[in-house]
Amino acid sequence: MSTSKNDQKILGRRNFLKSAGLTAAGLSVAPALISFKNPVEAALANISERSFPEGFLWGTATAAYQVEGAVNEDGRGTTIWDTFSHIPGKVKNNDTGDVACDMYHRYPSDIKLMKDMNVKIFRFSVAWSRIFPDGTGTPNQKGIDFYKRLTDDLLANDIQPFATLYHWDLPQALHDKYKGWESRETAKAFGDYAGFISKQLGDRVKHYFTLNEMSTFVELGYGNGIFAPGLQLPQAGLNQVRHHAVLAHGLAVQAIRANAPSGTKIGLAENLSVPVPIIDTPENIKAAEIAMREENAGYLTVVMEGKYTDKFLKRTGADAPKFTEEDLKIISSPLDFVGINVYNPAGYVQAADNEDGYKTLPFAKSQPRSTSAWQVLGPESLYWAPKNVHKLWGVRELYITENGTSGTDELTPDKHIYDTDRVSFMRNYLTQLQKATAEGVPVKGYFYWSLMDNFEWTSGYGTRFGLYYVDYKTLERIPKESAAYFKVLARDNKVV
Ligand code: PNW
């Protein structure tokens, strides 16, 4: 095992204590009572086994439709989520993103909230339909200007903007014209838009994510129909949509490389399936690796390897996507980093003597969950996700592009939210992430989902993921206990 910088520092500190005669045998005062006199000693004291590597970046994430509101302002075009959320019965309480958190207008004060929490990176998404109201054609200057103002203000506050180019708000015109992601025309249009906007923002934004969570918007939007556009396609059609999503990613990578200034970094943000070994034996650890590669075969695996696995092609059979060798080259265009959204284990696995080489155990009925029914709580997922992405594909730069949890978040009469569950969630998950970084897994930053409560897709506004509570009547933002936790975490760069 190689020694990471972090390890070196920890070792350094141990040696320092030793030479100062302060290790167990010679220690005459409790560590907390030692007063360090010079800055080097003080700095060393602050590095503990819970520290993240030096320069680790702490941030928060949002997405356009979930926070911006202002859906009819400054020439924005309609999207499939506008249409879908306005169909009665599709979203809890028939909530829509019409107003959301009104971040379109309130971003200057929201940036101050981030600055106050020691945030250094912010992940937001660009609404495609603000840039090209119909998905293609004439760009809308007012939309471009909004993202210029937003990113200028972030930079002025010493926060690096990380832009996601697609967080599920497909321009409705592309759905009407091409059936959206059912057509490769949509993938081509996405590539064109990505190239265009990366040129416009090129002097401000140095990091881009192409698409957010291909697996979620494809499976839920085109497979079981609970997300926009609400389709339930047969397997062959669904596999083709999956293929168009990864193709769109690859076309965008190429277009950004061709249009953005050199030095621009490109990745994606994928909610990959994270199998976790039930018991850490070498056999189960291997089984979890095999499972991760196969269970992400239609998404991250094809992006990283430039081929569909044999098992994927066998499994899909006559319904396999139609593709060319050229497509596979585009899909696997080299990336600068990989972003992973990690909320839960896909399942606990063990080695098995079957064709797959692994078996997924059923979750216990009593396995803890958040208020989002799909979110099984398993902190180990934040260790195994980066660990195995690094191991399977040799990724040299990783970001945790989302991690968070939803809670009941009751407001007390004196306006506090004691979200002890969220604080505990962060400490438990981050302990696992810290372990991965201490072992040398190259995770460079972490974005908590989300800065504030927002439009949680089909769950509407009742499901809250924020560090800030949003009072939807007044749009006031109120810091939760977890915001205080984040502030110390980011300041000290260690699990606190
Ligand atoms: C992600 N599931 O969505 C998204 O990237 C965010 O927009 C979202 O708000 C956040 O996670 C919290 O949900 C998901 O059903 C939505 O498994 C649903 C699922 C997973 C992720």
Sequence-distant partners of S366, side chain to side chain contact (heavy atoms under 4.5 Å, CB included), two or more places apart: A364
State yes or no: are the ring centers of F52 and Y446 separated by less than 6.0 Å? no
Any side-chain donor paired with an acceptor under 3.5 Å for N157 and D153? yes
Tell me, please, whether Y485 has R422 positioned over its six-membered ring: NZ or CZ under 6.0 Å from the ring centre and within 45 degrees of its axis? no
Taking the six-membered ring of Y107 as reference, does the cationic atom of R149 (NZ for Lys, CZ for Arg) lie under 6.0 Å from its centre and within 45° of its axis? no
Can K206 and D336 be counted as an ion pair, charged N to O under 4.0 angstrom? no
Name the orientation class of the two ring planes belonging to H167 and W457 (parallel below 30°, tilted from 30 to 60°, perpendicular beyond 60°). parallel
Is it the case that the side chain of T60 and the backbone of F447 share a donor-acceptor pair, with hydrogens and angles ignored and the cut-off at 3.5 Å? no
Can you confirm whether more than 12 heavy atoms, excluding those of N72, are under 6.0 Å from its CG atom? no
R76 bridged to D169 by N-O distance under 4.0 Å: no
Check the orientation of Y147 and F124. Use parallel for under 30°, tilted for 30 to 60°, and perpendicular for over 60°. parallel
Partners passing salt bridge (Lys or Arg N to Asp or Glu O under 4.0 Å) against K265 (at least two apart in sequence or in another chain): E397
Do the rings of F455 and Y65 sit parallel, tilted or perpendicular, given the 30° and 60° boundaries? perpendicular
Checking side chain to side chain contact (heavy atoms under 4.5 Å, CB included) against I111, which of L150, D116, V119 comes through? L150
Can you classify the ring geometry of F217 versus W168 as parallel (below 30°), tilted (30 to 60°) or perpendicular (above 60°)? tilted
